[in-house]
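Reading through the structure tokens given below for one structure.
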Amino acid sequence: MKRTHMCGELTINDVGKNVVVMGWVQRRRDLGGLIFLELRDRTGLIQIVFSEQLSKEAFDKAQHVRNEYVLAASGKVVKRSEENVNPNLETGNIEIYVSEFKILSKAETPPFMVEDRNNVSEAIRLKYRYLDLRRPSMQKILLTRYKITRIVRDFLDKNGFIDIETPLLIKSTPEGARDYLVPSRVQPGKFFALPQSPQIFKQLLMISGFDRYYQIAKCLRDEDLRADRQPEFTQIDIEMSFVDEDDVISINERMVAKIFKEILNIDLELPFKRISWQEAMDRFGSDKPDLRFGMELKNLSSIFVDSEFKVFKDAIDNGGSVRAINVKGAASIPRRQLDELVEYVKTYKAKGLVWIQMSDDGPKSQISKFLKEAELTQVLNTMEAEKGDLILIIADRNNMIVYDALGHLRLEMGKRYNLIDENKYEFLWVVDFPLLEYSEEEKRYVAMHHPFTAPKDEDIEMLDKNPGQVRAKAYDIVLNGMEIGGGSIRIHDTELQKKMFEVLGFTDEDAEARFGFLLNAFKYGAPPHGGIAYGLDRLTMILTGTDNIRDVIAFPKTQNACDLMSDAPSEVSKEQLDELHIKVNL
RNA sequence: GGCCCAAUAGCUCAGUUGGUUAGAGCGCCAGCCUGUCACGCUGGAGGUCGAGGGUUCGAGCCCCUUUUGGGUCGCCA
């Protein structure tokens with residue numbers, strides 16, 4: 001028997017045809033003298049019918065068929081009578097009268113039913129991932145993922161980009177995330193790293209003159225996992241020569257618009273909004289603001305410069321600030337929930353949270369007695385507070401803590417009060433990131449993006465005296481509060497790159513040992529270049545409406561970075577270790 | 001590394017203040033059933049209550065440790 005049709009593709013137009021379908025048994029309904037099976041393939045379901053009249057042999061065999069058996073069934077497509085139509089099934093107006101069929105493969109009773117309404121725990125799903133992936137919703141997600149990459153390849157191809165592979169076994173450059181290491185058998189005691197991204201190689205390809213490059217590239221980072229983070233993930237990696245920020249941004253906007261048009265049939269308005277990193281932090285307390293709702297941060301510092309309320313004044317005097325959000329209509333929040341919010345902001349290192357409830361009897365706050373009448377009035381004016389509102393204030397000596405805590409609080413309150421329209425797609429570019437940030441841990445400046453990001457021309461002179469103030473030619477593309485991609489114009493000048501390494505605290509020897517090959521390459525004529533990389537997994541999450549990165553990856557890892565299906569990672573034999581000259585020290 | 005949540009039948013869950021033989025739905029097995037479509041009816045099998053220790057006359061339930069899964073902070077150039 002040769003398959004003639006896919007199950008879900010049969011229609012009323014096929015009535016009368018003799019067809020052969022193949023697939024898995026979704027469900028069996030045995031009425032005694034009549035057996036209905038639903039047969040499933042990736043296109044959908046079709047009901048196939050067995051009875052003694054149609055074929056005694058087939059009917060007898062069908063008695064023994066169970067769920068998830070793999071069948072080939074041959075028979076005639078028949079229109080169902082009016083009263084037997086199943087409106088819940090795509091193919092519900094037809095069925096196949098089976099004259100002959102073959103069990104291609106038997107199946108044990110699966111640990112869970114292969115159906116979307118089944119609410120099976122993720123651990124079980126991951127252990128039997130091949131069964132989980134039979135479910136239509138999972139098939140749809142992976143199909144969408146495939147469509148996205150196809151659109152991307154199409155678009156980039158038409159715009160002159162070339163897909164070039166870069167190596168997986170590369171030099172470890174201990175800057176950034178923790179590397180996955182691979183021991184070298186040939187060179188005892190030495191290790192490769194798996195790439196955190198193809199960053200340096202794509203820059204070298206620009207120096208090689210390929211002009212426009214892309215790759216759907218696996219990236220590996222040995223860091224802890226999150227709902228949107230896997231150790232092994234995929235980037236849409238792009239690099240272009242002879243471009244500035246606007247060039248990169250505009251071609252990417254067109255690509256993203258094409259993806260949204262073809263996947264969701266949504267026409268995005270171009271160009272996307274652009275705001276500076278500073279503005280994003282000031283207004284939203286985040287470098288990836290969710291623009292689907294307001295509740296913007298307001299700076300109250302000027303009100304409290306001479307305040308008698310120590311907490312606020314102290315924050316301001318020490319270079320910090322006092323900022324707040326207004327949660328409209330939340331004044332009647334119970335005390336217990338306010339206490340929870342205090343705990344919530346503490347997870348972001350805020351020391352406390354001041355609230356003002358705009359109750360019917362006027363403003364109520366736990367710090368009322370510390371506030372002067374004029375201060376309160378100014379706060380309420382600035383916050384445009386009305387009866388029924390809840391003002392939440394955070395002060396700290398460290399502005400980043402104020403931003404971070406209040407930014408997360410804004411998101412949390414947006415969620416709690418249902419202010420987020422799930423059908424909206426709010427894009428923006430966040431630009432003018434700081435080039436460097438000071439690391440308390442390492443007591444030095446570290447690159448905010450990566451050490452190859454170019455500073456803005458007008459800020460280069462500050463590199464020596466005021467490195468924290470230098471802005472970068474960097475841009476992130478943000479959608480609904482998620483960073484879906486980021487990139488920059490790169491340094492293409494040996495001297496500037498050396499300068500950058502110097503600011504990062506590398507000695508010449510360090511820089512030479514780690515990145516000497518790149519510095520060398522710059523010597524032989526490097527074009528100005530820049531690019532971007534998207535998180536394909538996160539993009540797919542948004543386009544499929546999932547909030548869990550494991551759902552958009554066929555075979556993902558658990559929070560402990562394990563594969564529950566294959567049981568990786570696992571121990572290896574002594575022989576394998578010996579060959580690699582590795583001794584395990586537990 | 002820290003904090004929080006969860007773990008009881010194949011799956012999803014209930015299980016009262018610590019008290020008789022741990023339940024339900026789905027699934028599974030058997031029988032009946034010719035228009036079902038989450039078929040129906042009848043009957044049946046199925047449990048190391050994640051693991052280890054403790055308290056107690058008595059532990060699914062309380063305490064400690066631990067494992068696994070999830071969320072999160074740190075971390076993620």
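Residue numbers begin at 1 in each chain, while the letters A, B, ... track the order of the sequences. These values consider heavy atoms only, across backbone and side chains, with no hydrogens, waters or symmetry-generated copies.
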Check: Does A:Arg550 make a side-chain N or O approach to OP1 or OP2 of B:rG71 shorter than 4.0 Å?
Finding: yes
Margin query: Please tell me if A:Arg29 has a side-chain N or O lying less than 4.0 Å from either OP1 or OP2 of B:rU34.
Written below: no
Next item on the list: Just say parallel, tilted or perpendicular for the rings of A:Phe501 and A:Phe515, cut-offs at 30° and 60°.
Entry: parallel
Between the protein and nucleotides 11-14 of chain B, are there any N/O to N/O pairs under 3.5 Å, and if so, what are the atom names and distances?
unit_1: B:rC11; atom_1: O4'; unit_2: A:Pro111; atom_2: O; d: 3.3
unit_1: B:rU12; atom_1: OP1; unit_2: A:Ser121; atom_2: N; d: 2.6
unit_1: B:rU12; atom_1: OP1; unit_2: A:Ser121; atom_2: OG; d: 3.0

By the 4.0 Å heavy-atom rule, please label [X] as base, sugar-phosphate, or nothing.
X: A:Leu89; answer: nothing
X: A:Phe452; answer: nothing
X: A:Arg125; answer: nothing

So does [X] reach the base of [N] with its side chain, donor to acceptor, closer than 3.5 Å?
X: A:Glu95; N: B:rG35; answer: yes
X: A:Tyr97; N: B:rG35; answer: yes
X: A:Arg229; N: B:rC76; answer: yes

Check: What are the residues of residues 435-447 of chain A, sorted by number, that bring a heavy atom to within less than 4.0 Å of RNA chain B?
Finding: A:Ala447
Check: Among residues 34-68 of chain A, which residues get a heavy atom nearer than 4.0 Å to RNA chain B?
Finding: A:Leu34, A:Phe36, A:Glu38, A:Gln47, A:Gln53, A:Arg66, A:Asn67
[X] [atom1] to [N] [atom2], straight-line distance once rounded to whole Å:
X: A:Lys349; N: B:rC3; atom1: NZ; atom2: C1'; answer: 14 Å
X: A:Asn560; N: B:rG69; atom1: CG; atom2: C1'; answer: 8 Å
X: A:Arg28; N: B:rA38; atom1: CZ; atom2: P; answer: 17 Å

Between [options], which one does the side chain of [X] approach most closely?
X: A:Cys562; options: B:rG69, B:rG27, B:rU72; answer: B:rG69
X: A:Arg27; options: B:rU36, B:rC73, B:rA38; answer: B:rA38
X: A:Arg221; options: B:rG69, B:rG74, B:rC76; answer: B:rC76

Margin query: Are there over 12 heavy-atom neighbours, none belonging to A:Lys288, within less than 6.0 Å of that residue's NZ?
Written below: no
Next item on the list: Take atom CH2 of A:Trp24 as the centre, draw a 6.0 Å sphere, and report whether it contains more than 12 heavy atoms from other residues, nucleotides or ligands.
Entry: no
If I pick the [atom1] atom on [M] and the same atom on [N], what distance separates them, to the nearest angstrom?
N: B:rG43; M: B:rA7; atom1: P; value: 32 Å
N: B:rU17; M: B:rG58; atom1: C1'; value: 14 Å
N: B:rU12; M: B:rG27; atom1: P; value: 15 Å
N: B:rC29; M: B:rG10; atom1: P; value: 15 Å
N: B:rG1; M: B:rU66; atom1: P; value: 11 Å
N: B:rU56; M: B:rC63; atom1: P; value: 16 Å
N: B:rG25; M: B:rC41; atom1: P; value: 11 Å
N: B:rC33; M: B:rC39; atom1: C1'; value: 10 Å

Margin query: Which is more 5' along RNA chain B, the nucleotide nearest A:Asp404 or the one nearest A:Gly176? Just name the residue.
Written below: A:Asp404
Next item on the list: Starting at CE of A:Met113, measure out to CG of A:Asn118 and round the result to the nearest 0.5 Å.
Entry: 7.0 Å
Please report, to 0.1 Å, the donor-acceptor pairs under 3.5 Å made by any side chain of residues 25-38 of chain A, with sequence neighbours excluded.
unit_1: A:Gln26; atom_1: OE1; unit_2: A:Arg40; atom_2: NH1; d: 2.4
unit_1: A:Gln26; atom_1: NE2; unit_2: A:Val114; atom_2: O; d: 2.8
unit_1: A:Arg27; atom_1: NH2; unit_2: A:Glu115; atom_2: OE1; d: 3.3
unit_1: A:Arg28; atom_1: NH1; unit_2: A:Ala62; atom_2: O; d: 3.0
unit_1: A:Arg28; atom_1: NH1; unit_2: A:Gln63; atom_2: O; d: 3.3
unit_1: A:Arg28; atom_1: NH1; unit_2: A:Val65; atom_2: O; d: 3.2
unit_1: A:Arg28; atom_1: NH2; unit_2: A:Asp30; atom_2: OD2; d: 2.9
unit_1: A:Arg28; atom_1: NH2; unit_2: A:Gln63; atom_2: O; d: 3.3
unit_1: A:Arg29; atom_1: NH1; unit_2: A:Glu38; atom_2: OE2; d: 3.3
unit_1: A:Arg29; atom_1: NH2; unit_2: A:Glu38; atom_2: OE2; d: 2.9
unit_1: A:Arg29; atom_1: NH2; unit_2: A:Gln47; atom_2: OE1; d: 3.0
unit_1: A:Asp30; atom_1: OD1; unit_2: A:Gly32; atom_2: N; d: 2.8

Check: Can we say A:Asp132 and A:Arg129 salt-bridge, meaning some charged N sits less than 4.0 Å from an Asp/Glu carboxylate O?
Finding: yes
Next item on the list: State whether A:Lys473 and A:Glu245 are salt-bridged, where the test is any N-O pair (Lys NZ or Arg NE/NH1/NH2 against Asp/Glu carboxylate O) under 4.0 Å.
Entry: no
Next item on the list: Scan every strand shown for a Watson-Crick or G-U wobble partner of B:rC61, both distances under 3.5 Å, and answer none if you come up empty.
Entry: none
Checklist line | Assigned partner base of B:rC26, Watson-Crick or wobble definition, under 3.5 Å | finding: B:rG10
Next item on the list: Would you mind telling me which of A:Phe201, A:Tyr213, A:Tyr534 makes a side chain to side chain contact (heavy atoms under 4.5 Å, CB included) with A:Asp237?
Entry: A:Tyr213
Note to self: I'd like to check A:Pro167 versus A:Pro198 (side-chain heavy atoms, cut-off strictly below 4.5 Å). Are they in contact?
What the structure shows: no
Notebook entry, point to check: Can you check whether A:Asn252 reaches A:Tyr475 side chain to side chain, under 4.5 Å on heavy atoms?
Noted result: no
Note to self: Consider salt bridge (Lys or Arg N to Asp or Glu O under 4.0 Å). Of A:Arg135, A:Lys140, A:Arg134, which one does A:Asp116 pass it with?
What the structure shows: A:Arg135
Check: Which of these, A:Gln196, A:Lys171, A:Arg221, sits in a side chain to side chain donor-acceptor pair (under 3.5 Å) with A:Asp179?
Finding: A:Gln196
Extract from the structure each pairing of a protein N or O with an N or O of nucleotides 22-24 of chain B at less than 3.5 Å, listing the distance.
none

In residues 402-412 of chain A, what donor-acceptor pairs under 3.5 Å come from side-chain atoms, sequence neighbours left out?
unit_1: A:Tyr403; atom_1: OH; unit_2: A:Gln278; atom_2: NE2; d: 3.2
unit_1: A:Tyr403; atom_1: OH; unit_2: A:Asp282; atom_2: OD1; d: 2.5
unit_1: A:Tyr403; atom_1: OH; unit_2: A:Arg323; atom_2: NH2; d: 3.4
unit_1: A:Asp404; atom_1: OD1; unit_2: A:His408; atom_2: ND1; d: 3.2
unit_1: A:His408; atom_1: ND1; unit_2: A:Asp404; atom_2: O; d: 2.9
unit_1: A:Arg410; atom_1: NE; unit_2: A:Gly294; atom_2: O; d: 2.8
unit_1: A:Arg410; atom_1: NE; unit_2: A:Met295; atom_2: O; d: 3.4
unit_1: A:Arg410; atom_1: NH1; unit_2: A:Asp290; atom_2: O; d: 3.4
unit_1: A:Arg410; atom_1: NH2; unit_2: A:Asp290; atom_2: O; d: 2.8
unit_1: A:Arg410; atom_1: NH2; unit_2: A:Phe293; atom_2: O; d: 2.6
unit_1: A:Arg410; atom_1: NH2; unit_2: A:Gly294; atom_2: O; d: 3.0
unit_1: A:Glu412; atom_1: OE2; unit_2: A:Arg416; atom_2: NE; d: 3.0

Notebook entry, point to check: Are the side chain of A:Asp493 and the backbone N or O of A:Glu495 linked by a donor-acceptor pair below 3.5 Å?
Noted result: yes
